[in-house]
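Here is the structure we will look at.
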2 protein chains.
Amino acid sequence: MRPTIADVAREAGVTKGTVSHVYNGHRPISAPTKERVRAAAKKLGWVPNANASALAGHHTNAVGLVLHKNPDALAVDTFFPVFISGMQAELSQRQVMLAMQVVDSQSAEERAYRSMAHGRADGVVVLDIHRKDWRIPFLAKLRLPAVLMDVPRDYPGFTAVRIDSGRSMEELVDHLRAQGHTRIAHVSGPLDYVHAYERAAAYVRTIGNKELLRQGDFTAQSGRRLTSELLSLSYPPTAIIYSNNVMAIAGQSYAQEQGLRIPEDLALAGFEDDEICAHLNPPLTSVDTGPAERGRLAAQQLVQVVAETFPESVTAPAPVIRYRGSTEGKSPPGDCDPRDV
Amino acid sequence: MRPTIADVAREAGVTKGTVSHVYNGHRPISAPTKERVRAAAKKLGWVPNANASALAGHHTNAVGLVLHKNPDALAVDTFFPVFISGMQAELSQRQVMLAMQVVDSQSAEERAYRSMAHGRADGVVVLDIHRKDWRIPFLAKLRLPAVLMDVPRDYPGFTAVRIDSGRSMEELVDHLRAQGHTRIAHVSGPLDYVHAYERAAAYVRTIGNKELLRQGDFTAQSGRRLTSELLSLSYPPTAIIYSNNVMAIAGQSYAQEQGLRIPEDLALAGFEDDEICAHLNPPLTSVDTGPAERGRLAAQQLVQVVAETFPESVTAPAPVIRYRGSTEGKSPPGDCDPRDV
DNA sequence: CTGTTAGCGCTTTCAT
DNA sequence: ATGAAAGCGCTAACAG
């Protein structure tokens, strides 16, 4: 049988309560007793049973992450591994586990959050918030502590980790304009996602109209399709900003197949920078939103929420635009680019 | 208060035992009773408390993954996200959670496995097996069900998911020889890892000596350093095979900085293909070991192990070599490559 | 500073 | 086919 707290207590000549307190520090224990208990635990190879302690105590030492998406998307999108590694940087220090569940329907998602609330995790990090998101009231009802990523405003009872991506969109447009572009398109993500919406809104605000705005769904396929659609306009754009890199890479590859030179004939930029962007040919300009740091902040906030030291919402460090070859070298109209011969 | 099984029982006019059996099918329940219980549960928003059921029953509906490495490595190495997405493809169907813990020391790793064994998870998947791996006897002692990835032989009481990567090394060497290469180097991973060792062993077997074998550690830095070392030999290699892509990409980038043309002056190939390889300039030849499928198989095996239908060890589909520009176009010695002018 | 004990919410015999 | 009740291993409130 696996050792229980009673075995350790017997071995150390104390009671279960004492052993318990040695491990959670909820009351002072004399040094020699502490030592005896530690020695006994080590000798027997005892670790607290997480289920029993969660059941009795109400802390699981785990945080949850419920992802509503196709498992394949996890493999393609580089945001997740980096975000998760950021979370783990914070969690591994504190020996907190990450309880991850991928679901494929709303009912499964509800069940998953319910089970998190009912003893699986002390709290959750919520990603990909929608503009009208059922999960926020739902989590409130469940009284499940949560950190909301990238919500546009504060929600009572929740803390948030925010990011200002509208600003980056403006900078990107300015940069392209400075290079002489006047027809700048945007391939957005689904506009019911807050992050996609904010980028698109900033785009429309800066450009002044939505003539060249197209709504994609973050997949390579939609990046390709919408690029093709934009390029076959009678008056096509000379620059396209994509709301993520998967779409941008697909767009670049499509444009090159069509014989367009990047950036001379078409400039491209994306959001959610990752290592691949620097290695493309030409390298892709993109916005680094700092996913690792955001993951770390999310975990840090959540740990505090769980500890009942209710933290203020924070804003992640401003995104950084990595300017690369895909937006360089556009000459002002009328000029003649030497490479153009 | 969150609803408990007692609330549901009361609401449905039955006992707790009956509710329990409706949910785990451990004994027949009449249809009408079943319906009443289901309705009551839905009405109250009840889901079984995972801790209580694990404590009483002994199943957690979670599988564990303990990773002993720097969190950053998770972000760089594309193996993990893809492997995990493969696992999730299997787990999400069965509503099984993934309990993930990143640790930074052996003692933390032991604790993590102990806590998995003591109620965190029904079993674990073990990655990055060493040639002499303390975890195997340790897990046996803990009686924690486990699936071992890429072990060279069977271990009594464990099932394994294997892969034949030695064969790919041979093919790669043959391919390079066919293109006229006679000085073929290998930058391996740490040789105490089974996967790195098997590749290196196949290399030595095929080449006949270890003159051009260098031991790296899977980081970009070591890829760069060892490439530099190999290239400054008085009789340097004309081709290098790396044990992972991080090292290969770093090597390619270093070689190009030195003014070498790939593949004319130096051919390169790596293991652990990922999307980035196809987008490099030139695209990198590499071995696709099918991480998603291996993740799926691991999860599938583990689920079976946990269900006590002890499955045979399986071998994953053979790796596929993606031949790309980084190994093409080497002319036989003496010939004159037109591009060489 | 330490001992005692009543649960936490569920599963599972043993009854009926 | 269902009910009753004894724990699973731990925490925390109550004693001392």
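Only a predicted model underlies this, so the values are computations on that prediction, with no experimental measurement involved. FYI, side chains are in, hydrogens and waters are out, and symmetry mates aren't considered; it's all heavy atoms of this structure.
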> Rounding to a whole Å, what distance do you find between B:N49:CG and C:dC10:C1'?
Replying inline: 8 Å
>> Is the ring pair A:Y193/A:F218 parallel, tilted or perpendicular, if the boundaries are 30 and 60 degrees?
In response: tilted
>> Donor-acceptor check, side chain of A:R114 to backbone of B:P48, threshold 3.5 angstrom: yes or no?
In response: no
>> Distance check needed: C:dC10 P versus B:H26 NE2, whole Å only.
In response: 15 Å
>> I need the OH-C1' distance between A:Y23 and D:dC10, as an integer number of Å.
In response: 14 Å
>> Does a side-chain N or O of B:S20 approach OP1 or OP2 of C:dT11 to a distance below 4.0 Å, or not?
In response: yes
Considering only nitrogen or oxygen atoms on both sides, find all protein atoms under 3.5 Å from nucleotides 2-4 of chain D and state each distance.
{"unit_1": "D:dT2", "atom_1": "OP1", "unit_2": "B:S30", "atom_2": "OG", "d": "2.9"}
{"unit_1": "D:dT2", "atom_1": "OP1", "unit_2": "B:T33", "atom_2": "OG1", "d": "2.4"}
{"unit_1": "D:dT2", "atom_1": "OP2", "unit_2": "B:S30", "atom_2": "N", "d": "2.9"}
{"unit_1": "D:dT2", "atom_1": "O4", "unit_2": "B:R27", "atom_2": "NH1", "d": "3.3"}
{"unit_1": "D:dG3", "atom_1": "OP2", "unit_2": "B:T15", "atom_2": "N", "d": "3.0"}
{"unit_1": "D:dG3", "atom_1": "OP2", "unit_2": "B:T15", "atom_2": "OG1", "d": "3.2"}
{"unit_1": "D:dG3", "atom_1": "OP2", "unit_2": "B:T18", "atom_2": "OG1", "d": "2.9"}
{"unit_1": "D:dG3", "atom_1": "N7", "unit_2": "B:R27", "atom_2": "NH2", "d": "3.3"}
{"unit_1": "D:dG3", "atom_1": "O6", "unit_2": "B:R27", "atom_2": "NH1", "d": "3.0"}
{"unit_1": "D:dG3", "atom_1": "O6", "unit_2": "B:R27", "atom_2": "NH2", "d": "3.2"}

> In whole Å, what is the span from the CG atom of B:N24 to the C1' atom of C:dC10?
Replying inline: 10 Å
> Listed by chain and number, what are the side-chain contact (heavy atoms from CB on, under 4.5 Å) partners of A:R10, not counting sequence neighbours?
Replying inline: A:A6, A:D7
> Between A:I5 (CD1) and C:dT5 (P), how many Å, whole number?
Replying inline: 16 Å
> Between B:H59 (NE2) and D:dC8 (P), how many Å, whole number?
Replying inline: 18 Å
> Within this structure, what is the CG-to-P distance between B:L55 and D:dT11, rounded to whole angstrom?
Replying inline: 12 Å
> So, B:R135 and B:E109, do they make that salt bridge, N to O below 4.0 Å?
Replying inline: yes
>> Judged by each residue's nearest nucleotide on DNA chain D, which is more toward the 5′ side, A:V19 or B:A52?
In response: B:A52
> Distance only, no hydrogens: is a donor on one side chain within 3.5 Å (strictly under) of an acceptor on the other, for B:T60 and B:R120?
Replying inline: no
> Please give, in whole Å, the distance from C:dC8 P to A:H118 NE2?
Replying inline: 15 Å
>> Using a strict threshold of under 4.0 Å (side-chain N to carboxylate O), is an ion pair present between B:D77 and B:K69?
In response: no
